[in-house]
Novice: 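Before anything else, here's the structure in question.
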Amino acid sequence: MENIDWNNLGFGYVKTDYNIRCTYKNGEWGELEVSNSEYFPMHIAATAIHYGQESFEGLKAFRGKDGKIRIFRMDENARRMQDSSDGTLMPRLPIEKFEEAVLKAVKLNERFVPPYESGASLYIRPVMFGTGAEVGVKPAKEYMFILFVTPVGPYFKGGFQATPFVIMREYDRSAPLGMGKYKVGGNYAASLVAGKKAHELGYSNVFYLDAKEKKYIDECGAANFFGIKGNSYVTPESTSILPSITNKSLMVLAEEFGLKVERRHIQVEELATFEEAGACGTAAVISPIERIDDYDKNITYKLTKNGKPGPVCEKLYNRLRAIQYGDEPDKYGWVTILD
Ligand code: PLP
Ligand code: COI
């Protein structure tokens, strides 16, 4: 712990002091338990490890200039985890229990919340999975919810810098009537091969199109997409993307800046008309997109001038961060300050 280099943290796992657990048995969730172990025993026939009955979340806590710790929109993550439960036939964890677990874990690991000046944050990772034994494909009768925290720096190397993305039609991440709208592990397993290829080709991430027609923009690996065109903030409407809480927040901030928010289908070719674009998410914050290469068609869509983040991306990024770190008032009630 004493050796953490706050200014040079990547997006990886750092051991912290405590995690929170809660088990579901006999039709109900138990009490939250605090653990200092990084492990737990699991049945060899647990549905999570055979049939992928699991979901997870990602949110962050920030230390402000005033030393206070702020957690961003945890009620939204709690709700989205309930949606993921509905989509995987797992029991819903009550919103209050989710929030209590977040607050408890951050409080107990307060010394791991990075200092304000570092620009780093504490990533909060709730995860839920079927622990009950089944061999047939059916939902488990028992579940476990675990929440751990870990200090993180930027998801993409270099932080707020423009990086290149790639369209590769040979891979899909999720189907239009499938699981893409839920935050379930299988979607990420489904993205590993494409992600590896993209990295090997020198791209920071895969840029997915809709799986059915390969005509419309879906999202960018583990982040939503937005483009800036004239006075508009344009973001995809799709049934196969995760409803990003960051994107939802940026839409509000974009309107605050006088931009028109358009949520609609975006054809791939429309990329040529955007002046700026970004990938947005809890981990990605706003990662400006330098260019998108259409690998199959040998077309490049340039989305920056001189490879530098554009002014609208920068303004949105600064405003979002200012709310999260408490530099500007929490006008929308997005922030929970830890006691
Ligand atoms: N899309 C995917 C596939 C993600 O994994 C994430 C990360 O959570 C996002 C989008 C961004 O969502 P949020 O802003 O809620 O973190
Ligand atoms: C997030 O932004 O919280 C994510 O879940 C992205 C990724 C690390 C899976």
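Remember, it's 1-based here, ligands and their atoms both numbered in the order they're listed.
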Novice: State, with a plain yes or no, whether a side-chain heavy atom of Thr246 is found less than 4.5 Å away from one of Val285.
Specialist: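 Heavy-atom side-chain distance check fails, nothing below 4.5 Å.
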Novice: Heavy-atom contacts under 4.0 Å between Ala223 and ligand 1: side chain, backbone, both, or neither?
Specialist: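 Backbone only.
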Novice: Considering only the protein, which heavy-atom contact is closest to atom 5 (O) of ligand 2, and what is its distance?
Specialist: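 Here the closest protein heavy atom is Lys183 NZ, 2.6 Å.
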Novice: Give the residue and atom name of whichever protein heavy atom lies nearest to atom 9 (C) of ligand 2, and the separation in Å to one decimal.
Specialist: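 The answer is Tyr188 CE2, 3.7 Å.
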Novice: Can the ring centroids of Tyr13 and Phe148 be said to lie less than 6.0 angstrom from one another?
Specialist: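 Yes, the ring of Tyr13 comes within the 6.0 Å limit of the ring of Phe148, centre to centre.
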Novice: Using a 4.0 Å heavy-atom cut-off, which part of Arg173 comes near ligand 1: side chain, backbone, both, or neither?
Specialist: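 Contact part for Arg173 vs ligand 1: side chain (C-beta onward).
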Novice: When the ring centroid of Phe165 is compared with that of Phe225, is the distance short of 6.0 Å?
Specialist: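 No, too far apart.
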Novice: For atom 3 (O) of ligand 2, which protein heavy atom lies nearest, and how many Å away is it?
Specialist: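 Ranked first by proximity to atom 3 (O) of ligand 2 is Tyr123 OH, 2.6 Å.
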Novice: Which of parallel (below 30°), tilted (30 to 60°) and perpendicular (above 60°) describes Phe98 and Phe145?
Specialist: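 Aromatic pair Phe98/Phe145 classed tilted.
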Novice: In ligand 2, which numbered atoms sit nearer than 4.0 Å to a non-hydrogen atom of Phe56?
Specialist: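 Answer, ordered by atom number: 5 (O).
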Novice: Checking side-chain polar atoms at under 3.5 Å, does Thr273 have a donor or acceptor matched by the opposite partner on Lys229?
Specialist: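 Judged by distance alone, the side chains do pair up.
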Novice: Would you mind running through ligand 1 and noting each atom that sits below 4.0 Å from a heavy atom of Gly221?
Specialist: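 So the atoms of ligand 1 that pass are 3 (C).
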Novice: Just need the protein heavy atom nearest to atom 5 (O) of ligand 1, so name the residue and atom and give the distance.
Specialist: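 The closest heavy atom on the protein side is Tyr188 OH, 2.4 Å.
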Novice: With a cut-off of 6.0 Å (strictly less than), are more than 12 heavy atoms of other residues, nucleotides or ligands near OH of Tyr295?
Specialist: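 No, not enclosed.
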Novice: Have a look at ligand 1 and work out which part of Arg80, if any, has a heavy atom under 4.0 Å from it: side chain, backbone, both or neither.
Specialist: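 The part of Arg80 near ligand 1 is the side chain, not the backbone.
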Novice: Side chain or backbone, does Ala284 bring an N or O within less than 3.5 Å of an N or O on ligand 2?
Specialist: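 There is no such contact.
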